[in-house]
Amino acid sequence: MSTQTTSTTTPALHVPLLQPVPVEGCTICGAAASSRTSARSLGSTLSERAADETIRQHPHRRSADRKGVER
(Lines give C-alpha, C1' and ligand atoms only; values in the text may rest on other atoms or scores of the structure.)
Protein backbone atom coordinates (compact mmCIF):
# COMPACT_ATOMS: atom_id res chain seq x y z
CA MET A 1 0.00 0.00 0.00
CA SER A 2 1.45 3.36 -1.02
CA THR A 3 0.69 6.58 0.78
CA GLN A 4 1.14 9.79 -1.11
CA THR A 5 1.01 13.19 0.55
CA THR A 6 0.15 16.33 -1.29
CA SER A 7 1.38 19.67 -0.16
CA THR A 8 -0.33 22.84 -1.26
CA THR A 9 1.11 26.28 -0.88
CA THR A 10 -0.19 29.68 -1.67
CA PRO A 11 1.89 31.47 -4.29
CA ALA A 12 3.74 34.55 -3.09
CA LEU A 13 2.18 37.80 -4.18
CA HIS A 14 4.36 40.55 -5.55
CA VAL A 15 3.67 43.68 -3.53
CA PRO A 16 5.36 46.74 -4.97
CA LEU A 17 7.34 48.78 -2.48
CA LEU A 18 6.63 52.43 -2.02
CA GLN A 19 9.19 54.58 -3.73
CA PRO A 20 11.53 56.40 -1.38
CA VAL A 21 11.37 60.17 -1.47
CA PRO A 22 14.70 61.91 -2.14
CA VAL A 23 15.80 64.41 0.49
CA GLU A 24 15.50 67.92 -0.87
CA GLY A 25 18.86 69.56 -1.46
CA CYS A 26 20.85 66.29 -1.30
CA THR A 27 22.94 65.87 -4.45
CA ILE A 28 23.16 62.08 -4.08
CA CYS A 29 19.40 61.67 -3.69
CA GLY A 30 18.81 64.11 -6.54
CA ALA A 31 21.10 62.17 -8.88
CA ALA A 32 19.47 58.87 -7.91
CA ALA A 33 15.99 60.33 -8.46
CA SER A 34 17.07 61.57 -11.89
CA SER A 35 18.50 58.15 -12.70
CA ARG A 36 15.27 56.51 -11.52
CA THR A 37 13.21 58.73 -13.83
CA SER A 38 15.45 57.89 -16.80
CA ALA A 39 15.36 54.18 -16.00
CA ARG A 40 11.58 54.26 -15.76
CA SER A 41 11.24 55.98 -19.15
CA LEU A 42 13.52 53.32 -20.69
CA GLY A 43 11.62 50.49 -19.01
CA SER A 44 14.66 49.33 -17.04
CA THR A 45 13.13 47.92 -13.88
CA LEU A 46 16.47 46.76 -12.50
CA SER A 47 18.03 50.22 -12.82
CA GLU A 48 14.93 51.83 -11.34
CA ARG A 49 15.13 49.54 -8.31
CA ALA A 50 18.85 50.28 -7.91
CA ALA A 51 18.12 54.02 -7.83
CA ASP A 52 15.35 53.45 -5.27
CA GLU A 53 17.75 51.46 -3.12
CA THR A 54 20.35 54.26 -3.31
CA ILE A 55 17.79 56.78 -2.06
CA ARG A 56 16.46 54.39 0.58
CA GLN A 57 19.89 53.55 2.01
CA HIS A 58 21.56 56.96 1.76
CA PRO A 59 22.06 58.22 5.32
CA HIS A 60 20.73 61.61 6.36
CA ARG A 61 20.96 63.26 9.70
CA ARG A 62 18.23 65.48 11.00
CA SER A 63 19.40 68.94 12.02
CA ALA A 64 18.36 68.18 15.63
CA ASP A 65 20.72 65.16 15.64
CA ARG A 66 23.80 67.34 15.29
CA LYS A 67 25.82 68.00 18.43
CA GLY A 68 25.42 71.43 19.91
CA VAL A 69 21.88 71.94 18.62
CA GLU A 70 19.27 72.36 21.31
CA ARG A 71 16.06 70.44 20.90
Trainee: Using side chain to side chain contact (heavy atoms under 4.5 Å, CB included) as the criterion, list what pairs up with T54, not counting sequence neighbours.
Mentor: I28, A32

Trainee: State which residues pass side chain to side chain contact (heavy atoms under 4.5 Å, CB included) with S34; sequence neighbours excluded, sorted by chain then number.
Mentor: none

Trainee: Can you list everything that forms a side chain to side chain contact (heavy atoms under 4.5 Å, CB included) with T37? Sequence neighbours excluded, please.
Mentor: none

Trainee: Which residue pairs pass the salt bridge (Lys or Arg N to Asp or Glu O under 4.0 Å) test with at least one member in residues 32-45, sequence neighbours excluded?
Mentor: R36-D52, R40-E48

Trainee: Enumerate the salt bridge (Lys or Arg N to Asp or Glu O under 4.0 Å) contacts for residues 19-32, please, sequence neighbours excluded, ordered by first and then second residue.
Mentor: none

Trainee: Roughly how far, to the nearest 0.5 Å, is CZ of R49 from OG of S44?
Mentor: 10.0 Å

